[in-house]
Amino acid sequence: MSTAIIRDAVTTYTLSAIEQINGFDTTIDPDLLNAIAHSKREIIVEVPLRRDDGKYVTFRGYRVQHNDARGPFKGGLRFHPTVDLHEARTLAHLMTLKTAVVNIPFGGGKGGIACDPRQLSMRELETLTRNFTNLLSANIGPRVDIPAPDVNTNPQIMAWIADEYSKKHGQSWGVVTGKPLEMGGSVGRDEATGRGVMYATREAAMEIGLNMTDARVIIQGFGNVGSFAARLIEQELGGKIIGISTSLGGIYNKHGIDLERAENHYAQFGNLKDFAGGEWLTNDELLVSDCDILIPAALQKSITKTNAKSIKAKIVVEGANDCTEAEADKILSDRNIFVVPDILANAGGVVVSYFEWVQNLNNHYWGIAQVRGELERIMVSAYNHVSAVAKERRHGMRVASYSVAIERVAKAMILRGM
Ligand code: NAD
């Protein structure tokens, strides 16, 4: 095992959960619990590419295989200039916890290439992806490690990976998830994370006695997660979306935002500026505006120790990964703001990825009603289990989620004799 230790909020939460488990479950060796903070394998590759102008360049690629005690490593591939080992390690660790807290039979992994895909032609992007796949080919596979889309990667890139891997190993669509429907993708994957956020929001509101009809909701980030969550909270729960934002800023309208018009405006102009249906605010202003529920669904570290003091929401549902700094989390907890943590709230995407993999292995495909029904069952069951542990051990949902996940991983490691 690597001796590298992950840092920041994820470490802080992991250590608090371990401390808590030590107080309740004396059958798990504390050294084993600490070992869960380390990655099992960290792969760095130099990915070659012949550019369109004939020049030869290399890009650094990463795959961190954090833990596979409960099943194959699972997690996204990101193509972005800031991709590095530390980021991949933190996100791989989060994936181990996320798959464990919703109890699907996977471990955690993450990776990507440090590159700016906007600077690459389509041919260059395809060649880079295929070369990366070949370099990882011995270390990934439907029963080993199953990547998926993440920042700047998409179903087309997953199709290239599945095709390249299948050239060596025979048809293996299950090597990646998030594929196009024509190549073994699953219906319902596009909306899955937003739908899971909607279920988490509904359960949290019920738990604190907040009536969802006309509950006022602000969502930071209006991309895949934020826009589906907004629509579904409005359509299926009767909530009122009063704030939405993109990277440039957001709009606020206490009477409710016309989501269809906002989506059309965003699709046309790439931002919400000049959208007539609300008051224009900065992202910082929007986060602390009056509302009942706040859903950060944009970036890491958007809730800071500075803005946490002024957040007005009664519930925060973390659509984005690692979006709350550790000091901010303590402030929210001291202020009795109910937080549904990322590893639980945004797990809907990896749950439907799991369905995609199951469908690929069986070569038998499900309809949308089955995908939604199974997703709801898994999300609600995970929520209820974490909530019961939180009450029993008198902890917030974050530490409870982490401890449920860590205990499951630790028990699998013990049973396997790792
Ligand atoms: P996306 O790229 O589709 O959308 C991101 C949105 O955030 C865009 O509207 C963008 O304009 C906005 N944004 C960017 N910077 C911002 C800023 N500074 N302030 C406010 N808004 C900003 O991404 P996504 O797939 O919706 O993912 C959002 C978050 O959810 C990420 O943290 C991601 O890791 C996490 N997540 C996504 C999935 C998934 O299935 N897509 C699953 C789990 C977690």
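Every heavy atom of this structure was used, including side-chain atoms; hydrogens, water molecules and symmetry mates were not. Counting convention: from 1, in listed order, for ligands and their atoms alike.
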Practice prompt. For the pair Thr14 and His93, evaluate side-chain hydrogen bond (donor to acceptor under 3.5 Å, both in side chains) and give the outcome as yes or no after the intermediate values.
Written response: CA-CA 10 Å; Thr14 299; His93 181 145; 3.2 Å; yes

Discussion item. side-chain hydrogen bond (donor to acceptor under 3.5 Å, both in side chains) for Glu207 and Ser387? Distances and angles first, verdict last.
Written reply: CA-CA 9 Å; Glu207 179 155 3; Ser387 164; 3.1 Å; yes

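When only non-hydrogen protein atoms are considered, atom 28 (C) of ligand 1 lies nearest to Ala297 O, 3.4 Å. Closest to atom 33 (C) of ligand 1 among all protein heavy atoms lies Asn321 ND2, 4.3 Å. Nearest non-hydrogen protein atom to atom 18 (N) of ligand 1 is Leu299 CD1, 3.1 Å. Among all protein heavy atoms, the one lying closest to atom 23 (O) of ligand 1 is Asn224 N, 4.5 Å. Looking from atom 19 (N) of ligand 1 to the surrounding protein, the closest heavy atom is Asn283 ND2, 3.0 Å. Considering only non-hydrogen protein atoms, atom 4 (O) of ligand 1 sits nearest to Gly223 CA, 3.2 Å.
Residue contact check: Val225 has heavy atoms under 4.0 Å from atoms 24 (P), 26 (O), 27 (O), 30 (O), 37 (C), 38 (C), 39 (C), 41 (N) of ligand 1. Near Ser245, with a cut-off below 4.0 Å to any heavy atom, the atoms of ligand 1 are 20 (C). Residue Ala298 approaches ligand 1 through these ligand atoms, each under 4.0 Å from one of its heavy atoms: 7 (O), 13 (N), 20 (C), 21 (N), 22 (C), 28 (C), 29 (C), 31 (C), 32 (O). Of all the atoms in ligand 1, the ones that sit under 4.0 Å from a non-hydrogen atom of Tyr266 are 8 (C), 9 (O), 10 (C), 11 (O). Near Phe222, meaning under 4.0 Å from one of its heavy atoms, ligand 1 places the atoms 6 (C), 9 (O).
Thr324 and Glu318 are linked by a side-chain donor-acceptor pair at a separation below 3.5 angstrom, with hydrogens and angles left out of the test. A donor and an acceptor atom, one from each side chain of Ser186 and Gln359, are located under 3.5 Å apart.
Contact annotation for Thr193 and ligand 1: only side-chain heavy atoms (C-beta onward) come within less than 4.0 Å of the ligand. Under 4.0 Å from ligand 1, not a single heavy atom of Ala192 appears. Only the side chain of Gln220 comes within 4.0 Å of ligand 1, judged by heavy-atom distances.
To the nearest 0.5 Å, atoms CD (Glu191) and CZ (Arg231) are separated by 11.5 Å. To the nearest 0.5 angstrom, Lys309 atom NZ is 8.0 Å from Lys305 atom NZ. Distance check: Met413 CE to Asn67 CG gives 5.5 Å after rounding to the nearest 0.5 Å.
Of all the listed residues (Ser247, Ala148, Gly76, Gly270), Ser247 holds the heavy atom that lies closest to atom 12 (C) of ligand 1. For atom 21 (N) of ligand 1, the nearest non-hydrogen atom from the set Thr246, Asp322, Asp342 comes from Thr246.
Taking the centre of each ring, Phe106 and Tyr354 come in below the 6.0 Å mark. If you look at Trp280 and Tyr252, their ring centroids are not closer than 6.0 Å.
In this pair, Phe355 and Trp366 present their aromatic rings tilted. The plane angle is within the 30 to 60° band.
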Without placing hydrogens or testing angles, list every side-chain donor-acceptor pair under 3.5 Å for residues 234-247, not counting sequence neighbours.
{"from": "Glu236", "atom 1": "OE2", "to": "Arg195", "atom 2": "NH2", "distance (Å)": "3.0"}
{"from": "Ser245", "atom 1": "OG", "to": "Gly221", "atom 2": "N", "distance (Å)": "3.2"}
{"from": "Ser245", "atom 1": "OG", "to": "Asn283", "atom 2": "OD1", "distance (Å)": "2.7"}

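Heavy-atom distances between Met95 and ligand 1 stay at or above 4.0 Å for every pair.
When distances from atom 26 (O) of ligand 1 to the protein are checked, a heavy atom turns up under 4.0 Å.
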